[in-house]
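Excluded from the calculations below are hydrogen atoms, water molecules and symmetry mates; all remaining heavy atoms, backbone and side chain alike, are included.
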There are 2 protein chains.
Amino acid sequence: MTSLQRVANRPTWLLSRANARAQALLADAFAAEGVRGYHFRLLAALDELGPASQAELARSTGVDRSDVVATLDDLVGWRLARRDPDPVDRRRNIVTITARGTTRLAGLDAVLDEVQAAVLGPLTAGERAALVRILAKLG
Amino acid sequence: MTSLQRVANRPTWLLSRANARAQALLADAFAAEGVRGYHFRLLAALDELGPASQAELARSTGVDRSDVVATLDDLVGWRLARRDPDPVDRRRNIVTITARGTTRLAGLDAVLDEVQAAVLGPLTAGERAALVRILAKLG
DNA sequence: CTGGATCGTTGGTGATACCAACGATATACC
DNA sequence: GGTATATCGTTGGTATCACCAACGATCCAG
């Protein structure tokens, strides 16, 4: 596609192009499953944290609270998660992943595995490991 | 911010997080200059290609034609580029970077340099070189 | 009891990326 | 010359992720 010399070796440019390609593949794969990135992120957090308030979900995933609301509306509508009032604090809901949600999440993990393989196809095993290490260091 | 174990070592996840951080810094830096990513991309392409049609700009930058129109409206409005009818083909405009545009582009290059340094700060020189090489290979 | 903080919700915006449709123009072919 | 197909620039639209503001309800410390 683009071949602008001015940016060809700029790390931020290369990062954005690589990310764009990866996200496009991932978005397509998720779309085929009827979900988006935010859905996956919330399900993953619920699976890992156990029942949590919406604000906890927002903090643990980095997704804005208002986007947690909208995404969770979908998940609850699909019966992948449940929302109950918190008996301890009336301001809160407690969100729980359902068995359906857990199953669905496992399916999405498999989708993710395929996308990793597709995105990283051109790299050697050593390069993949180096990429992961370096990107993690950028965190 | 987020610490989801499920995705912690997924290359696509690490890539999206690293990119998000880089783009946030870049967007802020560009915003302080009154431009966006697309503006920079079009200016860079004009500088490199010389006068070009809008469709050529779209193809060389990967920016959709309709987004080229909107972005170019800004650039022309700021007198960073000029749009003239192509005498050879009445369907086309020929777009040219202005002297103001060239000067502005040089300023944005400096901004980009600073952002690279900020984004890549945590890495050693060797790691930076490896990152560039690997990301370029993903292209 | 008051002030400040937190929660969930509603509503909004922006950047990037992408798509559809249309009138004007160009070109190859019959 | 006419027709079919392609290209151009424009207008209009959508989606996703990311982020922000405001508000009523609730909680808690002083």
Whether B:R92 contacts C:dT25 is assessed here as follows: a side-chain N or O lying under 4.0 Å from the phosphate OP1 or OP2. Is that the case?
no
Would you say a side-chain N or O of B:R91 is under 4.0 Å from OP1 or OP2 of D:dC8?
no
Shortest non-hydrogen contact from A:E127 toward A:P122:
OE1-O, 4.4 Å
In whole Å, I'd like the distance from the CD atom of A:Q23 to the P atom of D:dT16.
13 Å
Between the side-chain atoms of A:D64 and the base atoms of D:dC17, is any donor-acceptor pair under 3.5 Å?
no
With a 3.5 Å cut-off and just heavy-atom distances, do the side chain of B:N93 and the base of D:dC8 make a donor-acceptor pair?
no
Nearest to the side chain of A:R59, which nucleotide is it out of C:dT16, D:dA18, C:dC7?
C:dC7
Nucleotide nearest B:V69 when distance is taken to its side chain, options D:dT11, C:dC7, D:dC8:
D:dT11
For B:R41 and A:L4, the nearest pair of non-hydrogen atoms, with its separation, is O-CD1, 3.8 Å
Whether A:Q54 contacts C:dT6 is assessed here as follows: a side-chain N or O lying under 4.0 Å from the phosphate OP1 or OP2. Is that the case?
no
Quick check on D:dC17: is either OP1 or OP2 less than 4.0 Å from any side-chain nitrogen or oxygen of A:R36?
yes
Give the rounded distance in Å between these two atoms: CG of A:N19 and C1' of D:dT16.
13 Å
Reckon B:R41 has a side-chain N or O less than 4.0 Å from the OP1 or OP2 of C:dA17?
yes
Would the base of C:dG8 count as contacting A:R65 through its side chain, where contact means a donor and an acceptor less than 3.5 Å apart?
yes
Can you list every pair that meets ring pair (Phe, Tyr, Trp, His ring centres under 6.0 Å) and has a residue in residues 44-93 of chain B, with sequence neighbours left out?
B:H39-B:W78
Separation of atom CG in A:D28 from atom C1' in C:dC18, rounded to whole Å
11 Å
Rounded to whole angstroms, how far apart are CZ on B:R17 and P on D:dC17?
10 Å
What I want to check is whether an N or O donor and acceptor connect the side chain of B:S66 with the base of D:dG12 at under 3.5 Å.
yes
Between C1' of D:dA15 and NE2 of A:H39, the distance in whole Å
13 Å
So how far is it from B:N93 CG to B:R82 CZ, rounded to the nearest 0.5 Å?
12.0 Å
Let me check something: do A:V132 and A:L138 share a hydrophobic cluster, defined by ILVMFWY side-chain heavy atoms less than 4.5 Å apart, either directly or through other members?
yes
Other residues, nucleotides, ligands: >12 heavy atoms within 6.0 Å of A:R100 CZ:
yes
Here the distance between atom P of C:dT16 and atom CG of B:L26, to the nearest Å, is 9 Å
5'-most by nearest nucleotide on DNA chain C - A:R83 or B:D67:
A:R83
Is B:D86 salt-bridged to B:R91, going by a charged N under 4.0 Å from an acidic O?
no
Specify the separation, in whole Å, of atom CG of B:L57 and atom P of D:dG9.
9 Å
Under a 3.5 Å cutoff, is there a donor and acceptor pairing between the side chains of A:Q54 and A:R83?
yes
Residue met sooner reading DNA chain D from 5', once B:A70 and A:R90 are mapped to nucleotides:
B:A70
Quick one: the side chain of A:D89 and the base of C:dC7, do they pair up donor-acceptor inside 3.5 Å?
no
Rounded to the Å, how far apart are B:D74 CG and C:dT16 C1'?
14 Å
Neighbours of DNA chain D within residues 104-112 of chain A, by heavy-atom distance under 4.0 Å
none
